Amino acid sequence: MPRKKFSLLYSTIYDLVRKVPPGYVTTYGQIAQRVGCTARTVGFAMAALPHGSNVPWQRVINSQGKVSPRTDGDGNILQRNLLEIEGIQFDQKAQLNLDRYGWIFLK
DNA sequence: TTGTTGACTCTGA
DNA sequence: CTCAGAGCCAACA
């Protein structure tokens, strides 16, 4: 089982992402504000996430309501595909409605 | 400790 | 998809 091989900050971020239910999404900025860091750091944490983890990384998108393109490859295509499977629909601009799909973390 | 890099966000034009 | 520039924090060499 995945052990604590991540820093406390990363673990906190991942734990937060795990609370997002299927069919909903959250933004880097929301997580950043919740854990007390910047959006870049959250994105960096997602990039460091190993493939096959129990973290629904696909539910994390940018403030524009779109999937952020990665430098690595076409993982964003997969991400969008996974979200559509969960019932999230994108419009013609490849964006989704955060008012409807955005998840608000409970305090 | 310094410099580089990154799945971001905001603002101005 | 409007586009470009600056700010921001953490990981890594």
Side-chain angles (χ1 to χ4, degrees):
Chain A
M1 276 331 321
R3 218 179 285 108
K4 248 185 67 160
K5 60 196 283 281
F6 295 110
S7 66
L8 177 62
L9 177 61
Y10 278 31
S11 300
T12 305
I13 293 174
Y14 299 150
D15 190 51
L16 212 51
V17 175
R18 276 192 217 102
K19 293 182 178 176
V20 180
Y24 285 88
V25 296
T26 187
T27 66
Y28 297 96
Q30 278 238 304
I31 298 175
Q33 203 163 26
R34 198 85 175 76
V35 302
C37 65
T38 62
R40 272 200 182 271
T41 305
V42 176
F44 207 40
M46 291 298 124
L49 198 55
H51 189 282
S53 65
N54 53 351
V55 180
W57 55 269
Q58 66 242 43
R59 295 177 196 146
V60 183
I61 59 178
N62 58 24
S63 64
Q64 304 173 13
K66 297 166 61 174
V67 176
S68 294
R70 289 188 296 115
T71 59
D72 195 357
D74 52 343
N76 53 9
I77 307 287
L78 171 64
Q79 181 170 5
R80 169 175 171 163
N81 197 359
L82 290 173
L83 290 176
E84 287 180 332
I85 293 176
E86 293 185 351
I88 295 177
Q89 298 178 356
F90 292 79
D91 59 17
Q92 292 185 337
K93 303 170 192 168
Q95 297 183 269
L96 53 79
N97 193 334
L98 280 176
D99 282 338
R100 171 174 175 173
Y101 299 114
W103 177 253
I104 307 298
F105 286 106
L106 302 176
K107 203 152 176 246

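To find a chain, count down the sequence lines: A is the first, B the second, and so on, and within it residues start at 1. If you're wondering where the values come from, they're calculated on a predicted model, not measured in any experiment.
Listed nucleotides B/dA7, C/dC8, C/dA10 differ in distance to A/Y10; the shortest reach to its side chain belongs to C/dA10. Of the candidate nucleotides C/dC9, C/dC1, B/dA7, B/dA7 has the atom lying nearest to any side-chain atom of A/A47. Considering only side-chain atoms of A/N62, the nucleotide from B/dT9, C/dA11, C/dC8 that sits closest is B/dT9. For A/Q79, counting side-chain heavy atoms from C-beta on, the closest listed nucleotide (B/dA7, C/dC1, C/dC9) is B/dA7. For A/R70, whose side chain is taken as the heavy atoms from C-beta onward, the closest listed nucleotide among B/dA7, C/dC9, C/dA11 is B/dA7. Distance from the side chain of A/K93 is smallest to C/dC1 among C/dC8, B/dA7, C/dC1. Closest to the side chain of A/M46, out of B/dT9, C/dA10, B/dA7, is B/dA7.
Rounding to the nearest 0.5 angstrom, the gap separating the CZ atom in A/F90 from the CG atom in A/N81 is 9.5 Å.
Side-chain atoms of A/Y28 come within donor-acceptor range of the base of B/dA7, with a qualifying N/O pair under 3.5 Å.
Scanning for side-chain hydrogen bond (donor to acceptor under 3.5 Å, both in side chains) contacts around A/Q30 gives an empty result, with sequence neighbours left out.
Both tests do not hold together for A/R59 against A/Y24: distance to the six-membered ring centre under 6.0 Å, angle to the ring axis within 45°.
Here the separation of B/dA7 from C/dA13, taken at their C1' atoms, is 22 Å to the nearest Å.
Taking atom CD1 on A/I13 and atom C1' on B/dG6, their separation rounds to 13 Å, with Å as the unit. We find that CD of A/Q33 is positioned 12 Å from P of B/dT9, with the value rounded to whole Å. In this structure, the CG atom of A/L49 is 16 Å from the C1' atom of C/dA10, given to the nearest Å. Distance A/F44 CZ to B/dT5 C1': 7 Å, rounded to the nearest Å. To the nearest angstrom, P of B/dA7 lies 15 Å from CD of A/Q64. Rounded to a whole Å, the CZ atom of A/F6 is 17 Å from the P atom of C/dA10.
With A/Q95 contributing its side chain and A/Q64 its backbone, the two residues share a donor-acceptor pair below 3.5 Å.
Hydrophobic clustering places A/L49 together with A/I31 (ILVMFWY residues linked when any side-chain heavy atoms are closer than 4.5 Å, directly or through intermediates).
Contact annotation: A/S63 side-chain N/O to B/dC10 OP1/OP2 distance is under 4.0 Å. OP1 and OP2 of B/dG6 both lie 4.0 Å or more from every side-chain N or O belonging to A/T41.
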